[in-house]
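Just below is one structure, and these are the notes that go with it.
Labels below follow one simple rule: chain letters A, B, ... track the order of the sequence lines, proteins then strands, and each chain is numbered from 1.
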There are 2 protein chains.
Amino acid sequence: MDQSCEEIKQMIFMFKNIDRQVTQNFEKRTGISLTRYEILYTLLKCGQLSQIELQKKLKIDQAAITRHLKILEEKDFVFRNRNKQNNREVIVEITDRGKGILENCDSNRKQFFDELFHNFTTKEIQELQIMLKKLMDNSDKPHC
Amino acid sequence: MDQSCEEIKQMIFMFKNIDRQVTQNFEKRTGISLTRYEILYTLLKCGQLSQIELQKKLKIDQAAITRHLKILEEKDFVFRNRNKQNNREVIVEITDRGKGILENCDSNRKQFFDELFHNFTTKEIQELQIMLKKLMDNSDKPHC
DNA sequence: AGTCAATTGTTGACCAATCAATTGATAAGG
DNA sequence: CCTTATCAATTGATTGGTCAACAATTGACT
């Protein structure tokens, strides 16, 4: 019991560290922040999205979305326009420059990912995916 | 290949989200921030430590350590004194009040951990631990 | 129409981490 | 000794996230 509690604490510790390392190294290697990469990638895959749709997909605060998009717009990686049908919404779209950036960091990204999981079997990756989904579920759920 | 790249991206995404959720919920439930909990817990287990030793154990920036300890000291959860043998070092120790706080949040912490892993078998936890260690290793290693 | 509620985005204040520069203490080598 | 290098802690600036307050727009109900 206490044993497993200690183990869980250690796993949470590892989660935190892995996330930090991966986030830092991703940016060092590819030249773009992981979150902004995710935003661009999502826009590439989904086409036009409102900010709230982006927020729901990326699961980060809307304020953070607004600020990232402001920067991405300044760099000419996305453009934003109010939705004529619903002026509350801002429709975001990736630019050609944005697509270029994504392609640019593609090989570095791929290499980075490969190295991160180089000593994992396909079976392990499958199992890890399942467990991560369970943990996402469990940690999403509010306490009752 | 591309398939696995996409999967890895998703796993990294889940890592990030799990970490954020766990960190937030831990503080909501126990009333103490996860990092500061880790600091107090480490001090409880190890006794006196210099800040650099704490830094190495917790693997976060020394500047962050300094700031956390400042707050913990203000709340009277730790005390700090220069090492007489080596005045560069600050020796940190947990106070009785600090120990009390740890005990206080113990049941909430335990319950939180249990809920987080409630649908995991012992075997799964073992496998997860192994994979997390591998990922820690892989992400620590500098790129060459 | 007219009010009231809900939705969307923006902004400001805060927190936690990073890096870089600084200070003060010690160690090492001439 | 004295200089130089190294080490530990601190501080300031920056980044990326949270929440709360706000504004503007739309929807719903009478």
Query raised in the report: Stepwise, does the salt bridge (Lys or Arg N to Asp or Glu O under 4.0 Å) test hold for A:Arg109 with A:Asp106?
Result: CA-CA 5 Å; A:Arg109 192 211 62 198; A:Asp106 210 58; 3.2 Å; yes
Query - Distance test, side-chain N/O of A:Gln55 to OP1/OP2 of C:dT8, below 4.0 Å - result: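 For A:Gln55, the contact criterion (side-chain N or O under 4.0 Å from OP1 or OP2 of C:dT8) is not met.
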Requested in this report: Check whether any side-chain N or O of B:Asn87 sits under 4.0 Å from OP1 or OP2 of C:dT26, and answer yes or no.
Outcome: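 So the side chain of B:Asn87 is within the cut-off, an N or O lying under 4.0 Å from OP1 or OP2 of C:dT26.
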Query raised in the report: Are any of the side-chain heavy atoms of A:Leu43 and A:Leu54 separated by less than 4.5 Å?
Result: yes
Atom [atom1] of [X] to atom [atom2] of [N]: distance rounded to whole Å?
{"X": "A:Arg82", "N": "C:dG9", "atom1": "CZ", "atom2": "P", "value": "7 Å"}
{"X": "A:Glu74", "N": "D:dT15", "atom1": "CD", "atom2": "C1'", "value": "15 Å"}
{"X": "A:Glu89", "N": "C:dT10", "atom1": "CD", "atom2": "P", "value": "12 Å"}

Query - Trace of the side chain to side chain donor-acceptor pair (under 3.5 Å) decision for A:Glu115 with A:Gln111 - result: CA-CA 6 Å; A:Glu115 286 174 30; A:Gln111 197 190 341; 3.3 Å; yes
Query raised in the report: Looking at residues at least two apart in the chain, or sitting in another chain, which of them share a salt bridge (charged side-chain N to carboxylate O under 4.0 Å, His left out) with B:Glu124?
Result: A:Lys134
Report summary line: Per nearest nucleotide of DNA chain D, the residue lying toward the 5' end, A:Lys84 or B:Ile91, is B:Ile91
Query - Position toward the 5' end of DNA chain D (nearest nucleotide), B:Arg80 or A:Gln85 - result: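 Result of the comparison: B:Arg80.
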Query raised in the report: Within the side chain of A:Thr95, is there an N or O that forms a donor-acceptor pair under 3.5 Å with the backbone of A:Asp76?
Result: yes
Requested in this report: Flag yes if more than 12 heavy atoms outside A:Lys57 fall under 6.0 Å of its NZ atom; otherwise flag no.
Outcome: no
Report summary line: With sugar-phosphate taken as primed atoms, P, OP1 and OP2 and all else as base, the protein-contact string of nucleotides 13-22 of chain C at under 4.0 Å (heavy atoms; B, S, -) is B--SSBB---
